[in-house]
Number of protein chains: 2
Amino acid sequence: MRVRLQDVAERAGVSAATASMVLNGKDDSISGETRARVRAVASELGYRPNVLARSLRSQRTRAIGFISDEIVTTPYAGAMIQGAQYVADEHDYVLLLSNTDYRPDVEKRTVEALLDRQIDAAVYATMYHRIVEPPTALGHIPTVILDSRPKDEAAFSWVAPDEFGGATAAVEHLADAGHRRIAMINDPMGPPAAIEREAAWRTVLETRGLDDGPDLVAHADSDAASGAMAAARLLEGDDPPTAIFCFNDRMAAGAYIAASRLGLSIPRDLSVVGFDNQVLVAEAIDPGLTSVQLPHDEMGRWAMEQVLRLLDDGAGPQGKRMPCPIVERGSVAPPGQL
Amino acid sequence: MRVRLQDVAERAGVSAATASMVLNGKDDSISGETRARVRAVASELGYRPNVLARSLRSQRTRAIGFISDEIVTTPYAGAMIQGAQYVADEHDYVLLLSNTDYRPDVEKRTVEALLDRQIDAAVYATMYHRIVEPPTALGHIPTVILDSRPKDEAAFSWVAPDEFGGATAAVEHLADAGHRRIAMINDPMGPPAAIEREAAWRTVLETRGLDDGPDLVAHADSDAASGAMAAARLLEGDDPPTAIFCFNDRMAAGAYIAASRLGLSIPRDLSVVGFDNQVLVAEAIDPGLTSVQLPHDEMGRWAMEQVLRLLDDGAGPQGKRMPCPIVERGSVAPPGQL
DNA sequence: TCGATTTACTAAACCGATTTAGTTCTATAT
DNA sequence: ATATAGAACTAAATCGGTTTAGTAAATCGA
């Protein structure tokens, strides 16, 4: 059986109340002798408080619900969890992770289960940056949206990647290398991420006075096979691009495949920049793929820190854009002389 | 404020005891009329029991600790969590996920934190198949090891991949395609996975009477760059292999890189089989990589089912090897005529 | 018709902590 | 010498449920 506070108290010859006060540092009016005795007995017996009992009484569980659509179970964004968990750990909070698989009924059940466990706050995280509407039940406790933005920005705190900034840096990186014909392969499904990345690409083209035109955009699904087809379409045109900026790394891997089939060498004949910095992909292909990194770890930390802020200060909701740095590998070089 | 059982009871004009019994189905001696009234009030008020209070009294939390070294935060084995969570959900259990980052001090803290929360049982999961010794504190509650084996097999239940079977199938797949010179790139660090996969490879060579010899093994680290160097060594020999079986997919991606640099085309000039079926890697390279799949989802499910078995039946510890199927893509073909 | 069951409920204990409102006892002030 | 304040503790209430023991009224058997 586990050692209870009662056991410690009895062994130390004091009441449970006294023992509780000593072990919680509320010992202003406890004699130094008693204090020492209780502490000694507690550690001798290896006493650990029952968190359930404590939480029931104090109405705070130090548990944070982490609700995600599919982060936990996919290889993409685990760093968000890591970041959040690190901060939680540091402050003696525990994360209760759960997955909804995008199913509203599961989401409802999950949120209820978490609230039944009296979580103090919640992080509502998504795999992709989009616009979300968390279940209303979460409105009753501090909730921070991670990797998305809420429909009603006044209702929830949120942190999302600075897609525009990251994409701008990527395209400028290509422009700086001397490219004037920079194409983009995008996912036409149009989540905020896609719209912002394409807007940034277009803005750089304009600002720098680079080539533009419909033959410099191709649409594809978010996988290598589809990316390869899109890249082939771009590269087989009359005046092909010398660089391609891809919506994500898997499409960029597709661009490698298309280039290889056309006898083009990367980065000599074609420069490529991806997005997401998916290490498994970026390092599986040759040369390594230069890519824009999603700041998953930082966003996870920020979300959790914001949760703590909401719990402590009772601060109001806040939004934050997190910068996306470029990770350079070997897929960018000055354009060849044609 | 949340609705308490007391509120439901008052509104229904009964005692809390009666309300509790009705809502828990222990209503043998409650009149049909009262039963209906309590239920109606409960759903009208949207009553949800406070799980902390219930657990404190019943001494069961329906929470399972999921302790992993780094699964949650890396892109490799999330499917184990998914499988475990699916089964847990189905039986109204909740998973408390945590990461230890291989640090014993963190592991100790984590396990204590979970036990403080009165978890009913635990799953001790690892990223790689190895031999582990879970903290002794876990010996007091039902614990299942996931993706590894315990030092003391009598102490814990466990489930691990059938590495030998999977590797055997992989090498036989190459042999069946007509290859007689099948090399292996292995990680010499020697975890059980590496030893078993190499043993299987060697066994198939012997059984089938295929070529063998020191020039058919190369050692490498578990990444593409190192795999490429190892593959280059194999392929630049006097009598190069026509097929390579790799310890993992990242090394296999390295083999692609080496082949490409030597002007060899896969699968025309070289067949490759990987291990892990890391989709991000296997589909980023061309042609798609044939690989052996680790049954993460199935292992996760089995582990959780075993936890439930231990909780319900009080059954004894059990071990289980889970089969690893081959996933065929395009990297295997009959050897070319040299 | 009277004691024995059965039916339908409730009061109170309990889970393991925290916290409030007291209670002793000693030391100081008047 | 007596009221007063502070020091050092404890009894009891509390959190929100579950469960045991018990009670009052209705039904049954002989």
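Nearer to the 5' terminus of DNA chain D, by closest-nucleotide assignment, is the contact made by B:Val3 (compared with the other of B:Val3 and B:Met21). Comparing B:Asp28 and A:Ala19 by the nucleotide of DNA chain C whose heavy atom lies nearest to each, the residue mapping closer to the 5' end is B:Asp28.
Close to D:dT18, at under 4.0 Å from its OP1 or OP2, lies no side-chain N or O of B:Lys26. OP1 or OP2 of D:dC15 has not a single side-chain nitrogen or oxygen of B:Gln6 nearer than 4.0 Å. For A:Tyr47, no side-chain nitrogen or oxygen approaches OP1 or OP2 of C:dG16 to under 4.0 Å. Side-chain nitrogen and oxygen atoms of B:Ser20 include at least one within less than 4.0 Å of the OP1 or OP2 phosphate oxygen of D:dT18. For A:Arg57 and D:dT14, the shortest distance from a side-chain N or O to OP1 or OP2 is not below 4.0 Å. Distances shown here put a side-chain N or O of A:Thr34 below 4.0 Å from the OP1 or OP2 atom of D:dC9. Within the 4.0 Å cut-off from OP1 or OP2 of C:dC9, not a single side-chain nitrogen or oxygen of B:Ser29 is found. Within the 4.0 Å cut-off from OP1 or OP2 of D:dC15, not a single side-chain nitrogen or oxygen of A:Gln118 is found.
Among the nucleotides D:dT10, C:dT19, C:dG16, the one closest to any side-chain atom of A:Thr18 is D:dT10. If you check D:dC15, D:dA11, C:dA17 against the side chain of A:Leu56, the one that comes closest is D:dC15. For B:Asn50, counting side-chain heavy atoms from C-beta on, the closest listed nucleotide (D:dT10, D:dT18, D:dG16) is D:dG16. For B:Ala17, whose side chain is taken as the heavy atoms from C-beta onward, the closest listed nucleotide among D:dC9, C:dT18, C:dA11 is C:dA11.
Atom P of nucleotide D:dC15 and atom CG of A:Asp116 are separated by 19 Å, given to the nearest angstrom. Remark: P of D:dC15 and CZ of B:Arg2 are 15 Å apart, rounded to the nearest angstrom. Note: CE (A:Met1) to C1' (C:dC15) measures 12 Å, nearest angstrom. One atom, CD of A:Glu33, and another, P of D:dC9, lie 8 Å apart when rounded to the nearest Å. Atom-to-atom, CG of A:Leu52 to C1' of D:dG17 comes out at 12 Å; the value is rounded to the nearest Å. Atom pair B:Leu5:CG and D:dC15:P shows a separation of 14 Å (rounding to whole Å applied). Distance, B:Arg60 CZ to C:dC15 C1': 15 Å, rounded to whole Å. Between B:Asp27 atom CG and C:dT10 atom P there is a gap of 14 Å when expressed in whole angstrom units.
Figure legend: B:Arg4 and B:Tyr47 shown without cation-pi pairing, the cationic atom not lying both under 6.0 angstrom from the six-membered ring centre and within 45 degrees of its axis. Judged by the 6.0 Å and 45° rule, A:Arg321 forms no cation-pi pair with A:Trp302.
If you run side chain to side chain contact (heavy atoms under 4.5 Å, CB included) between B:Pro134 and each of B:Ile145, B:Asp152, B:Val144, B:Val111, only B:Ile145 comes through.
Remark: A:Asp27 engages A:Arg39 in a salt bridge, criterion side-chain N to carboxylate O under 4.0 Å.
A:Val14 comes within 4.0 angstrom of the backbone, heavy atoms only, and of no base.
Atom-to-atom distance recorded for B:Asp101:CG and A:Tyr86:OH is 10.0 Å, nearest 0.5 angstrom.
A donor-acceptor pair under 3.5 Å is formed between the side chain of A:Arg35 and the backbone N or O of A:Ile30.
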